[in-house]
Amino acid sequence: LVKSEDFSVEEIDQILSLSQNIIENPSKYSRVCEGKLLATLFYEPSTRTRLSFESAMCRLGGSVVGFSEPNSSSVSKGESLGDTIRTVSCYADAIVMRHPVAGSAEEATKYTEVPFINAGDGGNQHPTQTLTDLLTIKSLKGSLENHTIGLCGDLKNGRTVHSLVKSMSRYKGIKFIFISPDELKMPKYIKDAIQEQGHAYYETDNLDEVIGSLDILYMTRVQRERFENQEQYEKLKNYYILNKSKMQNAREDMLVMHPLPRVNEIATEVDDDKRAVYFQQAKFGMYVRMALIVKLLEVM
Ligand code: NCD
């Protein structure tokens with residue numbers, strides 16, 4: 001799984017249904033991965049993605065090896081990505097990798113002998129966050145069709161929004177509203193892809209103008225680590241701050257989502273609003289990763 005389009009709509013449906021089943025009957029799945037080993041190779045920082053994968057594998061009865069600090073592995077001695085992946089696929093039954101270079105996940109699949117999962121490659125894609133987001137939307141909104149989705153923040157560098165838009169554009173009745181400063185607009189190749197699917201999109205830098213029309217507001221962090229110019233980051237980092245007063249103009253049933261980590265873009269005063277679902281979303285992330293592991297290891 002390198003990009004969010006790698007699974008068909010039917011396969012995504014299966015994974016979401018399996019996730020729902022795991023949520024309802026966790027004990028049925030608690031030993032299905034006994035004797036299986038998952039490797040998590042994290043060349044970039046992570047809290048939710050790595051720990052939710054590791055929790056997912058443990059809750060399925062499997063085990064986990066890996067690193068979260070590449071300097072503690074032979075990467076620091078100059079080992080190539082290909083050699084690392086070849087070696088780890090001798091040990092583990094599946095590999096999860098996060099890497100700062102866009103395209104590195106595709107590269108890694110040339111060397112792996114076992115199922116490979118992209119946990120984020122630079123500013124490119126983050127398909128398991130998208131599975132998380134789809135499960136959240138389906139569970140809380142009932143359907144993946146007929147939604148107006150506002151994506152707000154760093155749409156240029158945010159891999160979660162690239163994967164989510166590509167994936168959501170395969171469902172009926174989706175309208176995208178891209179809310180960002182000029183410097184952080186959604187890349188053209190993503191906009192072209194949604195137009196090809198026959199969807200409309202609208203771009204603005206004004207959150208207040210559109211918040212009242214949204215079914216879902218997907219907030220994102222300005223991706224400091226992708227900026228070459230730190231001054232520009234400082235200028236843009238607090239461009240949007242969602243607070244209680246802005247939420248007053250939103251619909252009663254709008255969902256506020258965020259892949260997390262949050263920096264300043266959502267004020268903590270919003271956390272108690274019933275429409276703020278980002279911590280629930282993180283929990284859905286563990287269940288959807290359990291379903292993904294079950295599918296890729298073909299244990300059921
Ligand atoms: C995201 C990521 O790593 O792209 N985090 C996550 O996996 N939930 C979002 C981010 O870092 O802003």
Side-chain angles (χ1 to χ4, degrees), residues 1-4 19 38 40-57 66-70 96-105 108 117-137 149-168 178-181 183-184 186-187 190 216-227 233 236-242 255-266 271 276-290 292-293:
L1 174 62
V2 170
K3 46 191 193 303
S4 62
S19 312
L38 179 73
T40 55
L41 313 183
F42 277 67
Y43 294 80
E44 255 194 353
S46 170
T47 299
R48 273 146 295 268
T49 306
R50 184 170 66 82
L51 295 182
S52 66
F53 262 116
E54 295 183 357
S55 310
M57 190 56 172
F67 55 79
S68 55
E69 175 46 73
V96 178
M97 183 187 85
R98 167 170 289 184
H99 198 283
V101 178
S104 55
I117 302 168
N118 177 11
D121 63 323
N124 185 34
Q125 282 238 10
H126 192 347
T128 67
Q129 180 64 46
T130 295
L131 290 174
T132 301
D133 302 339
L134 297 181
L135 180 61
T136 306
I137 295 170
I149 307 180
L151 299 110
C152 178
D154 189 348
L155 308 185
K156 177 180 174 204
N157 300 301
R159 55 196 173 197
T160 63
V161 286
H162 300 161
S163 291
L164 181 60
V165 167
K166 284 227 163 174
S167 196
M168 283 304 288
F178 299 141
I179 309 149
S180 74
E183 296 88 334
L184 301 178
M186 186 61 84
I190 306 266
I216 296 159
L217 173 58
Y218 195 97
M219 295 295 295
T220 63
R221 166 180 77 89
V222 178
Q223 308 275 300
R224 184 180 61 195
E225 65 276 35
R226 313 270 178 244
F227 279 68
Y233 168 73
L236 296 171
K237 67 177 184 189
N238 292 331
Y239 204 90
Y240 300 105
I241 298 179
L242 182 69
L255 300 183
V256 183
M257 297 175 64
H258 192 309
L260 302 177
R262 142 180 71 186
V263 186
N264 286 326
E265 58 281 356
I266 304 181
D271 296 358
V277 299
Y278 26 90
F279 290 109
Q280 249 173 295
Q281 189 182 346
K283 189 161 185 177
F284 281 124
M286 180 183 73
Y287 291 115
V288 91
R289 290 180 173 106
M290 289 172 79
L292 178 65
I293 294 168

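First listed ligand is number 1; within each ligand, the first listed atom is number 1. Numbers for residues simply follow the sequence, beginning at 1.
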Q. What heavy-atom pair brings V161 and D154 nearest, and what distance separates the two atoms?
A. CG2-O, 4.3 Å
Q | Closest contact, heavy atoms only, G153 versus T220 | A | CA-OG1, 3.5 Å
Q) At a 4.0 Å cut-off, with the gap strictly under it, does some heavy atom of E44 reach an atom of ligand 1? A) no
Q | Non-hydrogen atom of P261 closer than 4.0 Å to ligand 1 | A | yes
Taking distance alone, with no angle check, do [X] and ligand 1 share an N/O pair under 3.5 Å?
{"X": "Q129", "value": "yes"}
{"X": "R159", "value": "yes"}
{"X": "E225", "value": "no"}

Q: Could you tell me whether R226 and E44 make a salt bridge, using a distance below 4.0 angstrom between a side-chain N and a carboxylate O?
A: yes
Q: Can you establish whether the number of heavy atoms outside K237 located under 6.0 Å from its atom NZ is more than 12?
A: yes
Q: Taking the side chain as every heavy atom from C-beta outward, state whether P187 and H162 have any atom pair closer than 4.5 Å.
A: yes
Q: Could you tell me which atoms of ligand 1, counted from 1 in the order shown, lie closer than 4.0 angstrom to a heavy atom of R221?
A: 10 (C), 11 (O), 12 (O)
Q: Go through ligand 1 atom by atom and flag the ones less than 4.0 Å from a non-hydrogen atom of P259.
A: 8 (N), 9 (C)
(Q) Is it the case that the side chains of R221 and H258 hold a donor-acceptor pair, with the cut-off being a distance below 3.5 Å and no angle test? (A) no
Q) Counting heavy atoms only, which of L260, V263, T49 comes nearest to atom 5 (N) of ligand 1? A) L260
